[in-house]
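Single-structure report; data block below.
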Amino acid sequence: MIRSSSSPLPAEVSNVLPESIRVVTGDPLDIVSLLRQAHHPGAGAVVLFSGEVRDSNKGREVAYLEYESHVPLAEKMVHDILDEAREKWGLKAAIAQHRIGKLAIGQSAVVVITAAAHRREAYEANQHIIHRIKHEVPIWKCEYFSDGTHQWGNNCNC
Amino acid sequence: MIRSSSSPLPAEVSNVLPESIRVVTGDPLDIVSLLRQAHHPGAGAVVLFSGEVRDSNKGREVAYLEYESHVPLAEKMVHDILDEAREKWGLKAAIAQHRIGKLAIGQSAVVVITAAAHRREAYEANQHIIHRIKHEVPIWKCEYFSDGTHQWGNNCNC
Amino acid sequence: MKIHVYAKLKDYFSPEFELDAVAHNTDELKLRLLEINGEAGQILDSCRFAIEEGFIDHDHKLKENDTVIIIPPSSGG
Amino acid sequence: MKIHVYAKLKDYFSPEFELDAVAHNTDELKLRLLEINGEAGQILDSCRFAIEEGFIDHDHKLKENDTVIIIPPSSGG
């Protein structure tokens with residue numbers, strides 16, 4: 001729970017990714033709302049990763065990024081990755097959301113949240129999930145540089 | 001940045017722990033506000049850890065927790081730990097806050113936020129900071145169980 | 001057969017187009033695509049192929065009314 | 001000399017008290033504390049000692065008007 005005013009979700013609700021969370025979305029990621037959905041009375045550790053747009057990459061000044069995705073396949077793959085992680089690490093909650101479209105410097109491109117009884121599992125699962133999302137899921141980054149050029153990414157943003 | 005509406009902080013502001021952040025506080029931890037202060041245009045990765053009060057420990061039902069601290073020493077030690085981590089991992093931001101007093105199930109007892117250019121550093125530094133806070137800093141947990149007994153903690157909550 | 005390409009592949013092909021030539025599997029499809037743009041060989045070798053139901057490998061039999069999605073290496077996050 | 005104790009140490013001593021006996025260092029202080037409560041030996045052996053300026057070790061010379069903080073193993077987080 002991030003605020004004392006919000007009540008913990010029952011296990012059977014927060015144990016699955018709520019239908020309302022779109023894995024791939026064109027809207028700004030609402031980290032606060034996602035965190036709220038990751039809370040669980042049996043979770044002693046919540047880890048959140050936010051991948052954000054940096055102002056430069058390999059010495060070149062970045063103006064903005066644009067992400068595209070094959071959404072149906074991406075959503076299915078992310079759900080599978082989260083399900084596997086939930087089972088492997090006994091997670092109380094596992095949430096991921098990736099933004100597509102145009103992103104400004106500092107905006108969040110991807111958020112991964114894991115909740116577990118103990119912190120080792122929450123960190124490990126979180127790193128595993130973001131690694132797989134970056135390397136396996138059909139989502140692509142295009143960097144638009146301040147000099148007017150652009151480049152489809154092969155390299156990680158973070 | 002967690003919302004597209006908030007503007008990134010300049011490096012020299014977010015590179016130090018703002019004076020306004022109390023390392024040890026009796027108030028509920030405001031994760032949203034802390035996250036906002038961790039943003040940096042050069043940070044591609046932000047990792048947040050929240051240690052939260054579990055509803056049971058080793059099979060015993062927990063009613064609530066109470067933390068106490070030797071605050072002046074705790075604040076100094078946490079500042080030193082954050083400074084060392086900032087330097088070792090080249091962090092763009094490092095923030096930690098620990099709550100004291102009475103905490104209900106699901107409430108956040110400690111938050112650590114790290115921001116770095118790349119995610120490996122953000123995860124590693126985050127785990128290092130929470131490990132040291134738990135093991136070195138003069139903050140103590142007392143578990144109050146539903147059966148009316150209590151126990152000063154030696155063991156980690158998460 | 002409908003073809004959808006993404007990301008860097010769009011530097012070589014239209015995002016969506018109808019392939020008139022026949023391709024019974026992804027190996028044949030790659031050859032047909034190289035006939036359209038001979039410079040796409042290297043990137044095509046790094047791509048995965050999928051149909052609506054999911055990823056397919058090189059011995060999957062393609063049907064004439066399939067929509068084939070060509071997926072370059074991921075760069076999300 | 002003023003003594004402040006925390007956490008589980010409060011099961012053995014008052015949170016804050018004035019020690020009338022003389023203790024020139026933490027080893028002597030431990031002996032004085034054991035005279036108050038002989039059952040505190042094990043927990044005192046696991047404690048660190050500090051004064052206002054920070055942690056001190058066993059050869060630090062204590063002064064009569066020091067406030068000594070006795071710090072059991074941390075259990076934050």
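From a predicted model like this one, the values you see are computed outputs, not experimental measurements. As a basis for the values below, the full set of heavy atoms in this structure was taken, side chains included, without hydrogen atoms, waters or symmetry mates. In what follows, every chain begins at residue 1, and chains take the letters A, B, ... in the order their sequences are listed.
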When rounded to the nearest 0.5 Å, the distance separating NZ of A:Lys92 from CZ of B:Arg54 is 8.5 Å
Side chain to side chain donor-acceptor pair (under 3.5 Å) filter on B:Glu75, not counting sequence neighbours, yields none
So, the part of B:Ala104 with a heavy atom under 4.5 Å from chain A: the answer is neither
When B:Val46, B:Val47, B:Leu48, B:Leu35 are each screened for side chain to side chain contact (heavy atoms under 4.5 Å, CB included) with A:Ser50, the one that passes is B:Val46
Find out whether A:Ile130 and B:Tyr123 are in side-chain contact, i.e. whether some heavy atom of one side chain is under 4.5 Å from a heavy atom of the other.
-> yes
d(B:Gln127 CD, A:Glu124 CD) to nearest 0.5 Å is 8.0 Å
In this structure, CZ of B:Arg36 is separated from CD1 of A:Ile31 (nearest 0.5 Å) by 10.5 Å
- State, with a plain yes or no, whether a side-chain heavy atom of B:Arg119 is found less than 4.5 Å away from one of A:Lys134. yes
